[in-house]
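Report on the structure given below.
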Amino acid sequence: MRVTKKIKEEQIRILEQTYLGAKPALKFRNPFDLLIAVILSAQCTDKRVNVTTARLFAKAPTPAAIVALGLPQLEEEIRDCGLFRNKAKNIMATCVTLCEQYGGEVPEDYDALLKFPGVGRKTANVVTSIAFHRPAIAVDTHVFRVANRLHLAVGETPLAVERGLQRAIPKEKWSDAHHWLIWHGRRVCKARRPLCEACPLAPVCPSAGHAE
DNA sequence: ATCCCGAGGG
DNA sequence: CCCTCTGGAT
């Protein structure tokens with residue numbers, strides 16, 4: 001199947017219809033809370049991130065409070081999210097910079113976000129689109145896989161796929177489309193055994209029935 | 001065993 | 001490009 005502009009539009013229409021009302025798994029809107037939650041979310045379920053951050057923010061709700069907590073205590077607080085040494089070090093350094101250079105507020109500037117340790121394109125895009133309500137498509141493993149299988153955006157790197165999705169999807173739908181693709185990747189278009197039989201996109205998917 | 005809404009470093 | 005970091009869920 002050759003995926004034309006027309007077919008891509010149909011794919012987007014079905015995604016929108018199927019995942020209407022799909023919400024971010026991480027429940028935060030506040031920029032700081034969201035930033036920390038997304039840093040914690042690597043290789044960890046969103047449920048656990050929500051539990052862990054709730055506990056953490058009850059004790060240390062601000063960058064200054066997390067700095068005051070100290071690294072060993074922070075490691076202990078986030079231990080059950082995995083990768084805790086890296087994450088604690090990154091969160092601590094991020095909070096220090098937030099206090100020293102940004103008056104304790106998360107900056108809206110995309111390049112400024114990217115400079116924080118532990119913040120890559122994916123995290124910066126999530127914060128940009130969810131917390132600051134600006135158009136961005138975060139490409140994680142799900143979005144990457146689904147976009148490639150659909151040929152909605154084909155690319156070998158997350159950045160290439162991000163650019164492709166930006167071209168294929170109207171700007172005002174970028175934030176929502178990110179969630180459609182994530183939920184579709186988690187529930188239907190799974191990495192190992194995709195549920196093509198039950199997939200509403202199968203008629204417009206070039207990989208239907210023979211995804212790896 | 002294998003997979004998680006990654007990022008940094010080599 | 002590859003590797004490492006981590007615990008929990010399935």
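Per chain, numbering begins at 1; letters A, B, ... match sequence-line order.
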Within a strict 4.5 Å, meaning less than it, do heavy atoms of the [X] and [Y] side chains meet?
X      : Y      : value
A:L150 : A:V3   : no
A:H184 : A:L15  : yes
A:N125 : A:H178 : no
A:P107 : A:L98  : yes

Closer than 4.0 Å, any side-chain N/O of [X] to the OP1 or OP2 of [N]?
X     : N     : answer
A:S41 : B:dC4 : no
A:R48 : C:dA9 : yes
A:R85 : C:dT6 : yes

If you measure from the [atom1] atom in [N] to the same atom in [M], how many Å do you get, rounded?
N      : M     : atom1 : value
B:dT2  : C:dC3 : P     : 16 Å
C:dT10 : B:dC5 : P     : 11 Å
C:dT6  : B:dG9 : P     : 14 Å

For A:R186, which contact category applies under a 4.0 Å heavy-atom criterion: base, sugar-phosphate, or nothing? base

Looking at the side chain of [X], which of [options] is the nearest nucleotide?
X      : options             : result
A:H178 : C:dG7, B:dC5, B:dG6 : B:dC5
A:A191 : C:dG7, B:dC4, B:dC5 : B:dC4
A:R79  : C:dT6, C:dG7, B:dC4 : C:dG7
A:R192 : C:dC5, B:dT2, C:dG7 : B:dT2

Spacing between A:N86 atom CG and C:dT6 atom P, to the nearest angstrom: 5 Å

Grab the CD-P distance between A:E75 and C:dG7 for me, whole Å please. 11 Å

Salt-bridge present (A:E16, A:R13; N to O < 4.0 Å): no

Listed pairs, N/O of protein and of nucleotides 8-10 of chain B, under 3.5 Å:
{"from": "B:dG8", "atom 1": "OP1", "to": "A:G118", "atom 2": "N", "distance (Å)": "2.9"}

Minimum heavy-atom separation for A:E108 to A:L113, with atom names? O-CD1, 4.5 Å

Between A:T123 and A:C44, who's closer to the 5' end of DNA chain B by nearest nucleotide?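 Counting from the 5' end, the first nearest nucleotide belongs to A:C44.
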
For the side chain to side chain contact (heavy atoms under 4.5 Å, CB included) test, which of A:P63, A:C99, A:P117 pairs with A:T94?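 Only one of A:P63, A:C99, A:P117 forms a side chain to side chain contact (heavy atoms under 4.5 Å, CB included) with A:T94, namely A:P117.
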
